[in-house]
Amino acid sequence: QVQLLESGGGLVQPGGSLRLSCAASRSIYYINTIGWYRQAPGKVRELAAIITSSGTSNYGESVKGRFTISRDNAENTVYLQMNNLKPEDTAVYYCTAEIRLRPGDVMDDYWGQGTQVTVSS
């Protein structure tokens, strides 16, 4: 099995920036789509940003123009640069990836444990 290890969350003031990272805990044959969802208290989990193996990205409407997703295929890592953060961005951010561990394996979905982002003055 593999774990997705998230880092970079924390407390930041409105208008500030944070960079989240998510790395696989071991070597992997192939990662298809990888990215971030978020869940605020009392709300459903929603898309923040996702990126395909070819580099095509998709963003949730509320973060467009402020968040940027990128990936390092050699390191099996994805990053989320979050700028101009707002209190409504406060949530637990979860990394997720479609992974094929070895050649011939099926593609499985994996989720990280989540990292807290709090935007408050």
Side-chain angles (χ1 to χ4, degrees):
Q1 291 299 312
V2 63
Q3 292 180 309
L4 297 178
L5 306 175
E6 301 133 327
S7 61
L11 173 65
V12 63
Q13 293 186 340
S17 298
L18 282 175
R19 189 191 194 209
L20 304 183
S21 300
C22 172
S25 60
R26 47 161 282 189
S27 64
I28 292 171
Y29 174 66
Y30 177 68
I31 297 178
N32 188 23
T33 301
I34 188 169
W36 300 88
Y37 280 72
R38 67 184 187 179
Q39 188 166 18
K43 295 189 176 181
V44 299
R45 193 170 294 188
E46 65 175 8
L47 172 69
I50 207 89
I51 187 167
T52 68
S53 58
S54 60
T56 300
S57 56
N58 187 30
Y59 295 92
E61 282 298 321
S62 60
V63 308
K64 285 182 179 178
R66 300 185 297 120
F67 290 12
T68 303
I69 191 169
S70 60
R71 64 189 283 174
D72 183 336
N73 290 328
E75 297 295 329
N76 292 324
T77 301
V78 65
Y79 305 97
L80 186 65
Q81 179 66 42
M82 306 185 294
N83 297 328
N84 191 22
L85 283 160
K86 304 176 181 181
E88 51 264 42
D89 294 316
T90 295
V92 177
Y93 285 69
Y94 296 92
C95 179
T96 182
E98 296 176 308
I99 293 173
R100 178 174 288 126
L101 291 178
R102 291 168 294 272
D105 283 355
V106 299
M107 197 83 74
D108 279 330
D109 292 332
Y110 290 83
W111 289 84
Q113 292 296 308
T115 185
Q116 177 70 46
V117 171
T118 302
V119 185
S120 174
S121 54

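Here, residue 1 is the first one in the sequence, and each next residue gets the next number. Note that the coordinates shown come from a computational prediction; the quantities given were computed from them, not determined experimentally.
- Other residues sharing a hydrophobic cluster with Tyr110 under the 4.5 Å side-chain heavy-atom criterion for ILVMFWY residues are Val2, Leu4, Val12, Leu18, Leu20, Ile28, Ile31, Ile34, Trp36, Ile51, Tyr59, Val63, Phe67, Ile69, Val78, Leu80, Met82, Leu85, Tyr93, Ile99, Leu101, Val117, Val119.
- A side-chain N or O of Thr52 and one of Ser54 form a donor-acceptor pair less than 3.5 Å apart.
- Closest of all the heavy-atom pairs between Glu98 and Asp109 is CG-OD1, 3.2 Å.
- Listed by chain and number, the hydrophobic cluster partners of Tyr30 are Tyr29, Met107, where partners are ILVMFWY side chains within reach of under 4.5 Å, directly or through others.
- For residues 58-91, no residue pair satisfies the disulfide (SG to SG under 2.5 Å) rule, not counting sequence neighbours.
- In this structure, Asp72 has no salt bridge (Lys or Arg N to Asp or Glu O under 4.0 Å) partners at least two apart in sequence or on a different chain.
- Residues in residues 55-121 take part in these disulfide (SG to SG under 2.5 Å) pairs, two or more places apart or across chains: Cys22-Cys95.
- Qualifying side chain to side chain contact (heavy atoms under 4.5 Å, CB included) partners for Ser7, counting only residues two or more places apart in sequence or in other chains: Ser21.
- Val92 and Trp111 fall within the same hydrophobic cluster, defined by Ile, Leu, Val, Met, Phe, Trp and Tyr side-chain heavy atoms under 4.5 Å apart, directly or through other members.
- Applying the salt bridge (Lys or Arg N to Asp or Glu O under 4.0 Å) criterion to Glu61, with sequence neighbours excluded, gives Lys64.
- Shown here for Gly112 and Glu6, the closest heavy-atom pair between the two residues is CA-OE2, 3.4 Å.
- Residues satisfying the side chain to side chain donor-acceptor pair (under 3.5 Å) test with Ser62, not counting sequence neighbours, are Arg38.
- Residue pairs meeting the disulfide (SG to SG under 2.5 Å) criterion with at least one member in residues 30-80, sequence neighbours excluded, do not occur.
- No side-chain heavy atom of Ser25 sits less than 4.5 Å from a side-chain heavy atom of Gln1.
- For Arg100, there are no salt bridge (Lys or Arg N to Asp or Glu O under 4.0 Å) partners, not counting sequence neighbours.
- Closest non-hydrogen pair, Gln116 versus Ala91, comes out as NE2-O, 3.4 Å.
- Listed by chain and residue number, nothing satisfies the side chain to side chain donor-acceptor pair (under 3.5 Å) test with Thr115 (two or more places apart in sequence, or in another chain).
- Scanning for salt bridge (Lys or Arg N to Asp or Glu O under 4.0 Å) contacts around Arg26 gives an empty result, with sequence neighbours left out.
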